[in-house]
2 protein chains.
Amino acid sequence: MPVELTPSQALGLWHAVSLEQVRVDSRDLTLRQMAILLEIYLVPPPHTVRGLAAKLGVTKPVITRALDTMGAAGLVDRVRDERDRRNVVIKRTVEGALYLEKFGDLIINQGRKL
Amino acid sequence: MPVELTPSQALGLWHAVSLEQVRVDSRDLTLRQMAILLEIYLVPPPHTVRGLAAKLGVTKPVITRALDTMGAAGLVDRVRDERDRRNVVIKRTVEGALYLEKFGDLIINQGRKL
DNA sequence: GGCGATCGTTACGCAAGCGTTTCTTTTGTG
DNA sequence: CACAAAAGAAACGCTTGCGTAACGATCGCC
């Protein structure tokens with residue numbers, strides 16, 4: 001079920017959502033952090049640092065740092081993989097799910113207003 | 001003409017666009033910068049530092065800095081207002097318009113894929 | 001003409017992100 | 001058992017953004 005948008009709608013939607021998010025949330029996640037967060041919550045686990053780095057086309061420290069920041073904010077959690085203790089498995093949190101749920105509502109509402 | 005999205009479509013669209021943008025563009029504008037850029041290009045001029053600050057709910061130095069950065073990238077331009085020389089009028093550029101046009105295409109294409 | 005208000009910028013100290021490189025732990029394999 | 005490979009984190013120097021506070025230029029108005 002594709003979503004058909006005109007150029008004006010596409011940018012207008014992004015505009016309205018960005019604007020509202022800036023006004024509402026002082027956290028101001030970077031685009032990279034947002035991409036990581038959405039990847040974790042929308043794609044079936046497990047997620048690893050290495051996997052995310054490959055998926056986004058960035059280096060591993062970028063992922064580590066983003067997880068540090070978002071972990072401190074309670075949006076994600078890290079657990080050592082007991083089957084291969086070199087790996088770290090990234091876990092979702094209730095707070096993170098809530099955050100994205102509200103963000104999704106924001107998108108939906110701004111979309112309706114177009 | 002509203003855009004009706006399911007929660008899954010809303011977050012899925014944001015996910016796909018963020019991901020692609022991260023992979024394609026090393027510039028990595030912050031959400032604030034993106035909101036400012038879209039405001040300048042989608043809302044009829046004139047735009048001033050003060051006006052943008054009020055619209056986004058941020059302080060003036062935030063706007064000044066964003067304009068510094070995006071100006072250096074050629075995405076916007078600044079011109080002194082000759083009618084009231086205290087004001088600075090923010091101008092669009094060809095490069096900025098092109099940048100947003102490509103970004104809009106990205107949104108449209110990712111929307112179709114949902 | 002003086003003077004308070006307004007506009008945008010700059011300065012300051014600080015926090016956070018970056019890329020590269022190095023380190024630590026753990027694995028698998030000869 | 002030794003040792004190279006792999007995963008993630010930490011260290012390093014640097015750049016960029018932040019909020020607050022101060023600043024210079026310009027205006028409106030009496």
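Below, chain A is the first sequence line, B the second, and so on; all start at residue 1.
- For residues 57-74 of chain B, the set of pairs meeting the side chain to side chain donor-acceptor pair (under 3.5 Å) definition, not counting sequence neighbours, comprises D68(B)-R78(B).
- Residue-environment remark: CZ (R50(A)) stays at or below the threshold of 12 foreign heavy atoms within 6.0 Å.
- Spacing between atom CG of D28(A) and atom C1' of dC18(D) amounts to 10 Å, rounded to whole angstrom units.
- For Q21(B), the side chain to side chain donor-acceptor pair (under 3.5 Å) partners two or more places apart in sequence, or in a different chain, are D25(B), Y99(B).
- Put simply, CZ on R50(A) is 14 Å from C1' on dT27(C), counting in whole angstrom units.
- The aromatic rings of W14(B) and W14(A) lie parallel to each other, their planes meeting at an angle below 30°, with 60° marking the opposite boundary.
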Could you list the protein-to-nucleotides 1-3 of chain C atom pairs, N/O on both sides, closer than 3.5 Å?
none

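- For dG17(C), one of the phosphate oxygens OP1 or OP2 lies less than 4.0 angstrom from a side-chain nitrogen or oxygen of Q33(A).
- With sequence neighbours excluded, the residues that form a side chain to side chain donor-acceptor pair (under 3.5 Å) with T93(B) are Y41(B).
- Take R85(A) and apply the salt bridge (Lys or Arg N to Asp or Glu O under 4.0 Å) test, not counting sequence neighbours, and it matches E82(A).
- Residues forming a side-chain contact (heavy atoms from CB on, under 4.5 Å) with T6(A) (at least two apart in sequence, or on another chain): S8(A), Q9(A).
- Each of R92(A), K55(A), R32(A) was evaluated against E39(A); a single residue qualifies, K55(A), per the salt bridge (Lys or Arg N to Asp or Glu O under 4.0 Å) test.
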### Task
Mind running side chain to side chain contact (heavy atoms under 4.5 Å, CB included) on L37(B) and Q33(B) for me, showing each step along the way?
CA-CA 6 Å; L37(B) 194 62; Q33(B) 290 171 336; over 6 Å; no
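- In this structure, T69(B) reaches the dG17(D) phosphate: one of its side-chain N or O atoms is under 4.0 Å from OP1 or OP2.
- Here the P atom of nucleotide dC7(C) and the NE2 atom of H47(B) are 17 Å apart, to the nearest Å.
- Within a heavy-atom distance below 4.0 Å of DNA chain C, no residue of residues 35-46 of chain B is found.
- Remark: R78(A), R86(A), N87(A), V88(A) in residues 76-93 of chain A come within less than 4.0 Å of DNA chain D through at least one heavy atom.
- The distance from the NE2 atom of H15(A) to the CD1 atom of I40(B) is 9.5 Å, given to the nearest 0.5 Å.
- Cluster membership check: V58(A) does not share its hydrophobic cluster with V88(A), using side-chain heavy-atom separations under 4.5 Å among Ile, Leu, Val, Met, Phe, Trp and Tyr.
- R27(A) places its CZ atom 18 Å from the C1' atom of dG17(C), with the value rounded to the nearest Å.
- dG17(D) atom P lies 16 Å from atom CG of L29(A), rounded to whole Å.
- Across the protein-nucleic acid pair, M70(B) atom CE and dT16(D) atom P stand 15 Å apart, rounded to whole Å.
- If you measure from atom CG of L52(B) to atom P of dC7(C), you get 13 Å, rounded to the nearest angstrom.
- Every side chain to side chain donor-acceptor pair (under 3.5 Å) that R86(B) has, sequence neighbours left out, goes to D84(B).
- Proximity of residues 56-67 of chain A to DNA chain D (heavy atom under 4.0 angstrom from any strand atom) is restricted to K60(A), P61(A), T64(A).
- When the salt bridge (Lys or Arg N to Asp or Glu O under 4.0 Å) test is applied to R80(A), no partner is found at least two apart in sequence or on another chain.
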Please list, one pair per line, the donor and acceptor atoms closer than 3.5 Å that link side chains of residues 104-114 of chain B to other protein atoms, with sequence neighbours excluded.
from	atom 1	to	atom 2	distance (Å)
N109(B)	ND2	D105(B)	O	3.2
R112(B)	NH1	E4(A)	OE1	3.0

